[in-house]
Student: 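If you scroll down you'll find the structure; I have some questions about it.
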Amino acid sequence: MLKHLFLITLHCVIFSFEGTSQSQGSSTLLFNETTLLKHVESLSSDAFEGRRTGTKGAEKARKYIVNQFHALKVLPFTKNYEQKFSFYKKRQTFEGVNVLGWIKGSESPKKYIVISAHYDHEGIHMGEIYNGADDNASGLSALFSFAEYFQANPPKYSVILAAFDGEELGLQGSKFFVKSNVLAEKNIRCNLNMDMISRSDNNILFAVGTAYNETLKSIVTSTKGAGGLNIATGHDGHDGLENWTYSSDHGNFHKKEIPFLYFGVDDHKDYHEPTDDFENIHPEFYINAVKTIISIFEKVDDAKQL
């Protein structure tokens with residue numbers, strides 16, 4: 001019954017957003033909000049078995065990402081979009097695969113902004129599927145919205161859309177990416193990382209990393225959150241809050257002294273639990289979060305120096 005009521009509410013929210021966007025004209029429609037939510041629902045369904053690195057569920061998620069990149073005219077940055085790697089963890093060898101798409105910059109094509117989100121999650125434990133709707137089907141689905149946005153708004157700098165694998169097992173995919181020299185460090189302008197961006201009881205989206213870069217700090221503090229969303233800085237080791245500097249894939253970029261912004265929310269009761277399901281995300285907050293991150297990207301793309 002509760003699930004039924006949630007779906008009714010969700011459809012009302014989607015209809016409201018679509019009506020507003022259409023009434024303001026097509027120029028204000030950054031991406032299809034209905035499709036964004038459908039991607040999260042699909043990727044966090046039981047069919048993907050929690051997307052644990054090296055499993056059939058992860059392989060299915062990888063194919064899903066490649067299909068979306070291809071449909072959205074995102075070029076492959078590596079052969080077939082894939083960057084394969086292996087690592088040893090917990091007395092086991094894992095085979096991981098990053099999925100890397102590319103949009104050519106209109107003004108500075110040899111310099112890159114890496115927009116990332118990990119697609120792996122916890123898989124199945126004790127017969128229960130950890131679907132990871134917020135963590136991190138939300139960030140992954142936002143990559144598709146970025147790709148859609150770029151179709152009508154080509155970036156000035158080239159963009160890598162990176163779906164990293166192995167994050168839950170020690171940030172392994174991003175670690176391999178920055179060490180692989182598939183893209184020279186000197187050519188990476190910055191990293192914008194999205195991990196858990198679809199729910200917040202207090203309507204706050206954190207942008208972590210501003211303590212390390214004055215330009216990024218200025219960009220974030222001058223950006224107004226979409227739909228009344230509140231953007232907060234902090235969690236970067238300078239304010240007494242839990243330090244998130246190395247809490248997700250952006251940490252490996254920071255180790256290489258590459259500027260970064262990490263977008264995420266406070267931990268919630270469903271964090272790393274089998275209850276992190278689509279029904280528990282906050283659709284309105286999520287849509288506004290993606291819009292806000294796109295707004296920040298626009299300013300990063302315009303900035304002469306970082």
Side-chain angles (χ1 to χ4, degrees), residues 9-41 43 68 72 74 103 113-117 133-157 159 161 190-210 216 218-233 250 260-266 278 281-303:
T9 303
L10 174 60
H11 286 302
C12 290
V13 169
I14 293 171
F15 180 80
S16 174
F17 272 106
E18 287 184 313
T20 300
S21 297
Q22 291 169 358
S23 67
Q24 292 174 345
S26 59
S27 63
T28 62
L29 187 60
L30 300 176
F31 54 87
N32 189 307
E33 296 154 7
T34 306
T35 302
L36 172 68
L37 296 173
K38 286 182 177 178
H39 283 315
V40 177
E41 183 176 24
L43 288 162
Q68 289 303 315
L72 291 164
V74 177
I103 295 92
I113 298 171
V114 178
I115 305 176
S116 61
D134 189 37
D135 184 12
N136 186 36
S138 65
L140 175 59
S141 299
L143 288 183
F144 306 143
S145 292
F146 261 101
E148 186 180 349
Y149 165 78
F150 288 136
Q151 289 184 322
N153 304 275
K156 294 178 180 179
Y157 290 88
V159 169
L161 295 178
C190 70
N191 169 232
L192 305 182
N193 185 43
M194 301 177 290
D195 190 354
M196 296 175 60
I197 61 171
S198 66
R199 58 185 288 182
S200 173
D201 291 330
N202 51 16
N203 201 35
I204 294 176
L205 177 71
F206 282 94
V208 178
T210 61
L216 292 178
S218 177
I219 286 172
V220 170
T221 56
S222 66
T223 300
K224 183 178 181 181
L229 176 145
N230 297 306
I231 309 173
T233 60
H250 56 277
F260 77 92
L261 287 175
Y262 159 51
F263 299 97
V265 298
D266 279 316
F278 175 70
I281 73 166
H282 300 159
E284 183 175 356
F285 173 84
Y286 179 40
I287 291 169
N288 286 330
V290 178
K291 288 180 177 179
T292 300
I293 297 168
I294 288 176
S295 295
I296 290 173
F297 165 82
E298 291 173 335
K299 294 181 180 180
V300 171
D301 195 40
D302 281 336

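Quick note: residue numbers are just sequence positions, from 1. Values in this document were obtained by computation on a predicted structure and should not be read as measured data.
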Student: How many angstroms lie between atom OG of Ser198 and atom NE2 of His282, to the nearest 0.5 angstrom?
Tutor: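 Reported to 0.5 Å precision, the distance equals 8.0 Å.
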
Student: Assess the residue pair Ile204 and Val265 against the criterion (side chain to side chain contact (heavy atoms under 4.5 Å, CB included)); give the C-alpha distance rounded to whole Å, side-chain angles, the decisive distance to 0.1 Å, and a yes or no.
Tutor: CA-CA 7 Å; Ile204 294 176; Val265 298; over 6 Å; no

Student: Looking only at heavy atoms, which two atoms of Lys156 and Asp302 are closest? And how far apart?
Tutor: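 Of all heavy-atom pairs spanning Lys156 and Asp302, the closest is NZ-OD1, 2.6 Å.
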
Student: Considering only heavy atoms from C-beta outward, does the side chain of Ile293 approach that of Leu205 to under 4.5 Å?
Tutor: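 Touching, per the 4.5 Å side-chain cut-off.
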
Student: Return yes when atom CG of Asn230 has more than 12 non-hydrogen atoms of other residues, nucleotides or ligands closer than 6.0 Å, and no otherwise.
Tutor: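 Result for CG/Asn230: enclosed.
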
Student: Does Asp301 use its side chain to pair, donor to acceptor, with the backbone of Tyr157 at less than 3.5 Å?
Tutor: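 Judged by distance alone, yes, a pair lies under 3.5 Å.
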
Student: Do Asp134 and Val40 come close enough that some side-chain heavy atom pair is under 4.5 Å?
Tutor: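 Not touching, per the 4.5 Å side-chain cut-off.
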
Student: Heavy-atom distance under 4.5 Å between the side chains of Phe260 and Val114, does that happen here?
Tutor: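 With C-beta onward as the side chain, the pair stays apart.
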
Student: Are side-chain N/O atoms of Glu33 and Tyr286 paired as donor and acceptor at under 3.5 Å?
Tutor: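 Side chains of Glu33 and Tyr286: no pair found under 3.5 Å.
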
Student: Taking the six-membered ring for Trp, are Phe150 and Phe297 ring centroids under 6.0 Å apart?
Tutor: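 Yes, they do, as the ring centres are separated by less than 6.0 Å.
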
Student: Can you find a heavy atom in the side chain of Phe263 that is under 4.5 Å from one in the side chain of His250?
Tutor: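 They are not in contact (no side-chain heavy atoms under 4.5 Å apart), so the answer is no.
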
Student: Quick one: does any side-chain atom of Tyr262 pair with a main-chain N or O of Phe206 as donor and acceptor, under 3.5 Å?
Tutor: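 Side chain of Tyr262 to backbone of Phe206, a donor-acceptor pair under 3.5 Å: no, none is there.
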
Student: For Thr210 and Leu216, indicate whether the former's side chain and the latter's backbone hold a donor-acceptor pair under 3.5 Å.
Tutor: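 No.
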
Student: Check whether Glu148 reaches the backbone of Leu72 with its side chain - one donor and one acceptor, N or O, closer than 3.5 Å.
Tutor: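 Here the side-chain-to-backbone pair does not exist.
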
Student: Just by modelled atom types, is the Ser138 backbone N or O under 3.5 Å from a matching donor or acceptor in the Ser141 side chain?
Tutor: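 Not at all, since once roles are kept as given, no pair shorter than 3.5 Å links the two residues.
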
Student: Which residue in the set Leu43, Leu161, Val74, Thr35 passes side chain to side chain contact (heavy atoms under 4.5 Å, CB included) when paired with Phe144?
Tutor: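 Single side chain to side chain contact (heavy atoms under 4.5 Å, CB included) partner of Phe144 among Leu43, Leu161, Val74, Thr35: Leu43.
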
Student: Go through Leu30 and Val290 one step at a time and tell me if the side chain to side chain contact (heavy atoms under 4.5 Å, CB included) criterion holds.
Tutor: CA-CA 10 Å; Leu30 300 176; Val290 178; over 6 Å; no

Student: Shortest non-hydrogen contact from Pro155 to Ile103?
Tutor: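 Where Pro155 meets Ile103 most closely, the heavy atoms are CD-CG2, 3.6 Å.
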
Student: Any sub-3.5 Å donor-acceptor pair from Glu41's side-chain atoms to Phe278's backbone N or O?
Tutor: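 No, the answer is negative, given that no donor and acceptor are paired below the 3.5 Å cut-off.
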
Student: Are side-chain heavy atoms of Asn153 and Glu298 found at a separation under 4.5 Å?
Tutor: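 No. Closest side-chain heavy atoms not under 4.5 Å.
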
Student: Ala289 and Ile197: which non-hydrogen atoms are nearest, and at how many Å?
Tutor: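 Answer, listing the atom of Ala289 first, then Ile197: CB-O, 3.6 Å.
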
Student: What pair of heavy atoms forms the shortest contact from Ala303 to Ile219, and how long is it?
Tutor: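 Minimum heavy-atom separation between Ala303 and Ile219: CB-CD1, 4.4 Å.
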
Student: So, the side chain of Asp135 versus the backbone of Met196: is there a donor-acceptor pair under 3.5 Å, distance only?
Tutor: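 No, Asp135 side chain to Met196 backbone: no donor-acceptor pair under 3.5 Å.
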
Student: Which pair of non-hydrogen atoms, one from Gly139 and one from Met194, has the smallest distance, and what is that distance?
Tutor: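 Taking Gly139 first and Met194 second, the nearest heavy atoms are O-CE, 3.7 Å.
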
Student: Within a strict 4.5 Å, meaning less than it, do heavy atoms of the Ile296 and Leu261 side chains meet?
Tutor: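 The answer is yes; the side chains approach within 4.5 Å.
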
Student: Side chain to side chain contact (heavy atoms under 4.5 Å, CB included) for Leu229 and Ile231? Distances and angles first, verdict last.
Tutor: CA-CA 7 Å; Leu229 176 145; Ile231 309 173; 3.8 Å; yes

Student: If you define the side chain from C-beta out and look only at heavy atoms, does anything of Leu143 sit under 4.5 Å from Leu140?
Tutor: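 In short, these two side chains touch, coming nearer than 4.5 Å.
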
Student: Is a side-chain donor-acceptor pair under 3.5 Å present for Ser116 with Asn191?
Tutor: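 Yes, Ser116 and Asn191 have a side-chain donor paired with an acceptor closer than 3.5 Å.
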
Student: So which atom in Arg199 and which in Ile281 form the shortest heavy-atom distance, rounded to 0.1 Å?
Tutor: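 Closest heavy-atom pair between Arg199 and Ile281: CB-CA, 4.2 Å.
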
Student: About how many Å separate OG of Ser200 and CG of Asn288, when rounded to the nearest 0.5 Å?
Tutor: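 The OG atom of Ser200 is 11.5 Å from CG of Asn288, to the nearest 0.5 Å.
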
Student: Within the distance-only criterion (no hydrogens, no angle test), does the side chain of Lys299 pair as donor or acceptor with the backbone N or O of Ser222 below 3.5 angstrom?
Tutor: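 Yes, because the side chain of Lys299 sits within donor-acceptor range (under 3.5 Å) of the backbone of Ser222.
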
